[in-house]
Amino acid sequence: MRYRPFGNLGQAVSVVTLSLGPRDIADGPQAGRELIYSALEAGINSYRLQSADPVLAEVLGEALRHVDRKLVQVSLMLGAGDGRRGSDRDFSAEGMTSAIDRALHASGLGWFDLAVLDEPDDHELPQSSLNALKALRATQRVRLLGISGESEVMDTYVSTGAFDVLFTPFHVNSPWQIRSRLRDARERDMAIFVYGYFPDSLDTAKKASAVHEEEKKGFFGFAKSSRPKTDPLAGVGTFAFLHQTNGWTAEAICLAYSLTDPSVASALIEASDIERLNTLSLVPDRDLPPGLAAQIEMARVAGANKAA
């Protein structure tokens with residue numbers, strides 16, 4: 001596992017963060033704890049709770065009980081409910097304060113290193129809520145504040161200077177708006193966590209080869225590929241090569257690529273089982289094959305040109 005600096009507290013964070021949600025405790029608390037134990041053994045010291053679900057928080061707290069609290073980084077998503085039936089989006093000062101207090105009590109962690117707002121709309125986050133979060137930070141129940149999302153309103157939140165961390169989708173074919181937001185966050189000394197590194201549009205060879213692929217209209221107006229499938233150059237200018245690289249899966253390439261930007265502190269992964277967790281945790285120790293980064297850029301630029 002590799003580590004990168006995070007925040008202004010001199011903390012080092014693993015370049016992959018394990019994201020934990022309801023699925024991870026669907027088979028019982030012990031299954032969730034075993035997954036976290038395996039993550040610790042793999043060197044992962046960064047964990048994200050997808051909601052303030054007290055059961056999920058308790059499982060994480062129990063798994064980390066014998067680890068020096070200062071050596072692990074735990075973030076909590078706010079605003080998306082707490083996993084209980086009837087729980088709604090709530091960015092009110094009272095709602096977020098209660099969610100943090102419940103999760104802290106259930107987990108026994110003492111504090112959350114990061115409280116992250118889950119893509120609030122511009123009308124969902126009143127000043128009173130920001131004041132409440134700052135009060136929580138002043139009392140050390142929360143160390144840093146973050147914002148997560150991909151909509152245009154994220155630009156506004158980044159520009160306020162009220163947040164320490166940006167959670168953003170980022171992958172080989174991310175649009176210029178996302179890349180511009182990353183630059184703005186870097187210029188404001190915000191730490192950056194990325195997710196969505198392997199989008200559905202690239203998860204199969206067929207989809208990846210269709211991205212940006214030029215098509216011509218046949219005599220009757222039906223789409224016709226510019227090259228036959230047997231052509232060695234079929235798929236050039238697309239992301240087909242993601243599924244054709246020896247020794248690499250497409251997902252591993254995409255995860256490794258998301259970490260090529262040194263300003264990215266960590267990439268969020270989800271693991272349905274321990275085998276998948278171990279496979280993904282090995283990716284940061286590998287370097288992308290020579291020339292692959294250039295292929296990614298050529299495919300991305302080709303797509304941008306066609307879009308224009």
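What you see below is based on every heavy atom in this structure, not just the backbone, and it leaves out hydrogens, waters and symmetry mates.
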Side-chain donor or acceptor of [X] paired with backbone N/O of [Y] under 3.5 Å:
X: Asp24; Y: Gly21; value: yes
X: His171; Y: Ser258; value: no
X: Glu58; Y: Val55; value: no

I need the minimum non-hydrogen distance between [X] and [Y], along with the two atoms involved.
X: Ile192; Y: Arg186; value: CD1-CG, 3.8 Å
X: Phe91; Y: Gly79; value: CE2-CA, 3.5 Å
X: Leu18; Y: Ala39; value: CD2-CB, 3.9 Å

Membership question, hydrophobic clusters at under 4.5 Å side-chain separation (ILVMFWY): are Leu71 and Leu64 in the same one?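 Not linked; separate clusters.
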Under 4.5 Å between side-chain heavy atoms, counting indirect links through other Ile/Leu/Val/Met/Phe/Trp/Tyr residues: same cluster for Val194 and Met1 or not?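 As far as the 4.5 Å side-chain criterion goes, Met1 and Val194 are connected within one cluster.
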Once side chain to side chain contact (heavy atoms under 4.5 Å, CB included) is applied, do any residues pair with Gln30, and if so which ones, sequence neighbours excluded?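 For Gln30, the residues satisfying side chain to side chain contact (heavy atoms under 4.5 Å, CB included) (neighbours in sequence not counted) are Arg33, Glu34.
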By side chain to side chain contact (heavy atoms under 4.5 Å, CB included), which residues pair with Ser92, not counting sequence neighbours?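 In terms of side chain to side chain contact (heavy atoms under 4.5 Å, CB included), with neighbours along the sequence ignored, Ser92 is linked to Asp90, Glu94.
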Between Phe193 and Phe6, is the ring centre distance below 6.0 Å?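 Yes, the ring of Phe193 comes within the 6.0 Å limit of the ring of Phe6, centre to centre.
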Above 12 or not: heavy atoms from other molecules or residues under 6.0 Å from CD of Glu152?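 Count not over threshold, so no.
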Determine whether the side chains of [X] and [Y] contain a donor N or O and an acceptor N or O closer than 3.5 Å.
X: Arg137; Y: Gln140; answer: no
X: Tyr197; Y: Glu251; answer: yes
X: Ser148; Y: Glu119; answer: no
X: Ser19; Y: Gln50; answer: yes
X: Trp111; Y: Asp113; answer: yes

Could you tell me which residues satisfy salt bridge (Lys or Arg N to Asp or Glu O under 4.0 Å) with Asp101, sequence neighbours excluded, listed by chain and number?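 For Asp101, the residues satisfying salt bridge (Lys or Arg N to Asp or Glu O under 4.0 Å) (neighbours in sequence not counted) are Arg141.
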Contacts of Arg181 that satisfy salt bridge (Lys or Arg N to Asp or Glu O under 4.0 Å) - sequence neighbours left out: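 For Arg181, the residues satisfying salt bridge (Lys or Arg N to Asp or Glu O under 4.0 Å) (neighbours in sequence not counted) are Asp155.
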Taking C-beta and beyond as the side chain, do Leu104 and Ile100 meet within less than 4.5 Å on heavy atoms?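 Answer yes - side chains close enough.
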Please determine whether salt bridge (charged side-chain N to carboxylate O under 4.0 Å, His left out) holds for the pair Glu270 and Arg23, giving the CA-CA distance in whole Å, both sets of side-chain angles, and the decisive distance to 0.1 Å. CA-CA 10 Å; Glu270 296 184 10; Arg23 180 188 60 188; 3.7 Å; yes
Would you please name every residue forming a ring pair (Phe, Tyr, Trp, His ring centres under 6.0 Å) with Phe112, sequence neighbours left out?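 Scan of Phe112 (ring pair (Phe, Tyr, Trp, His ring centres under 6.0 Å), adjacent residues dropped) gives none.
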Please determine if Asp184 and Arg188 form a salt bridge, counting it only when a charged side-chain N lies under 4.0 Å from a carboxylate O.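 A salt bridge is absent here (no side-chain N lies under 4.0 Å from a carboxylate O).
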Among residues at least two apart in sequence or on other chains, which ones pass side chain to side chain donor-acceptor pair (under 3.5 Å) with Ser75?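 By the side chain to side chain donor-acceptor pair (under 3.5 Å) rule, Ser75 matches no residue at all.
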